[in-house]
Amino acid sequence: MELKKQELPEQTIHFWYCDFNKNRAKLEPYYALLSEDEKARSGRFKFDRDKECYIISRGILRLLLAGYSKQQPQDLHFDYTPYGKPFLSHDNAIKFNISHSGNMAVFAFVRNEEIGIDVERIKDDFDLLELAQSFFSTKEILALEKQSKKDLPRAFYRCWTRKESFIKAEGSGLSFPLDQFAVSLENDEQAELLYTQWDSQEKEHWQLFSYVPARAYIAAVAIRSRTLGFHQYNWDA
Ligand code: COA
Ligand code: MG
């Protein structure tokens, strides 16, 4: 399998995305890169589709990390935080996070800082406002209520992915109170942490990014650091 031998400079986020449909033909070589526990986990998925997504995204994750850390993809060893966030057990410097939704997987890499990423396929087959009213902050609910019917789904998922990337950078999973912090949601470009209820200074430490990897998808990256460069790469290019 092809290693993407890239440098990961300090103060730089590398964002990668891939389309599962363009990688299904390489399922077997990806599977061969996985550890025994990953292979076992892939065998426990109920649906073939979920199993394939898991194998492809872990295979690509290993190839990308191998390129950055100058190791063989099979030799990488993952550990997990108590909340399930994977990290490299033998390399503290390279941090990463992954997410998948629909046909898309996304990956974020950075040196030394905890990072979170989320991607969602934009859907409107349920009551988006009702969900927002149950879980989001008052500021976000008010901003979403101002959206036209046409703009609401995109705005909702901008908000969702920015919030989830923040939670995934924190690493504490769903125990995190979604209504106690707010993110911007007006447009794809300006991603921002607006406030956190527990500390008025916290927002000064964070940078959020949004990226549209394909029509009908939106992704976000969160990192507790400022002045980082953000570079996007298409795995399938
Ligand atoms: N923190 C950060 N990353 C985590 C994690 C954690 N606690 N636990 C797992 N991950 C990583 C894993 O690599 C996982 O992929 P893998 O199992 O194939 O290796 C990946 O994140 C899954 O991310 P995603 O595709 O975005 O899945 P999800 O949206 O279903 O789950 C979690 C996100 C992991 C944070 C989970 O706690 C969850 O169930 N969230 C529900 C979604 C939600 O309510 N979000 C609120 C948005 S406003
Ligand atoms: Mg998600």
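Each ligand, and each atom within it, is numbered from 1 in the order the structure gives. The structure displayed is predicted, hence computed values, not measured ones.
- When hydrogens are left out, the protein atom nearest atom 7 (N) of ligand 1 is Y83 O, 3.0 Å; that is the closest non-hydrogen contact.
- With respect to atom 20 (C) of ligand 1, the closest heavy atom belonging to the protein is I98 O, 3.3 Å.
- At the shortest separation from atom 9 (C) of ligand 1 among protein heavy atoms lies G84 O, 3.2 Å.
- At a distance under 4.0 Å, a protein heavy atom can be found next to atom 5 (C) of ligand 1.
- If you look at K168 next to ligand 1, the close heavy atoms, those under 4.0 Å, come from the backbone and the side chain alike.
- Rounded to the nearest 0.5 angstrom, I55 CD1 and L33 CG are separated by 11.0 Å.
- Distance from atom 44 (O) of ligand 1 to its nearest protein heavy atom, with residue and atom name: L174 CD2, 3.5 Å.
- Of all protein heavy atoms, the one lying nearest to atom 13 (O) of ligand 1 is P86 CG, 3.3 Å.
- Below 3.5 Å of separation, one finds no N or O of S57 facing any N or O of ligand 1.
- When R41, H100, K85 are checked for heavy-atom proximity to atom 25 (O) of ligand 1, H100 turns out nearest.
- Excluding waters, the protein N/O/S atoms found under 2.8 Å from the Mg ion (ligand 2) are D118 OD1, E164 OE2.
- Nearest non-hydrogen protein atom to atom 26 (O) of ligand 1 is S99 OG, 2.8 Å.
- One side chain, H14 or Y68, offers a donor N or O that lies under 3.5 Å from an acceptor on the other.
- Taking CG of L228 as the start and CD of Q11 as the end, the distance is 5.0 Å to the nearest 0.5 Å.
- Ranking protein heavy atoms by distance to atom 28 (P) of ligand 1, first place goes to E164 OE2, 3.8 Å.
- In this structure, the protein non-hydrogen atom closest to atom 3 (N) of ligand 1 is N97 ND2, 3.1 Å.
- In this structure, a donor-acceptor pair under 3.5 Å is present between the side chains of W206 and E202.
- Not one N or O of L178 is nearer than 3.5 Å to an N or O of ligand 1, by distance alone.
- Pairs passing the ring pair (Phe, Tyr, Trp, His ring centres under 6.0 Å) check and including a residue from residues 120-152, sequence neighbours excluded, read F136-F156.
- Counting protein heavy atoms under 4.0 angstrom from atom 32 (C) of ligand 1 gives zero.
- Remark: distances from the non-hydrogen atoms of R58 to ligand 1 include one below 4.0 Å.
- Residue contacts with ligand 1 do not include I167, since none of its heavy atoms lies under 4.0 Å from the ligand.
- Heavy-atom separations between F136 and ligand 1 include at least one value shorter than 4.0 Å.
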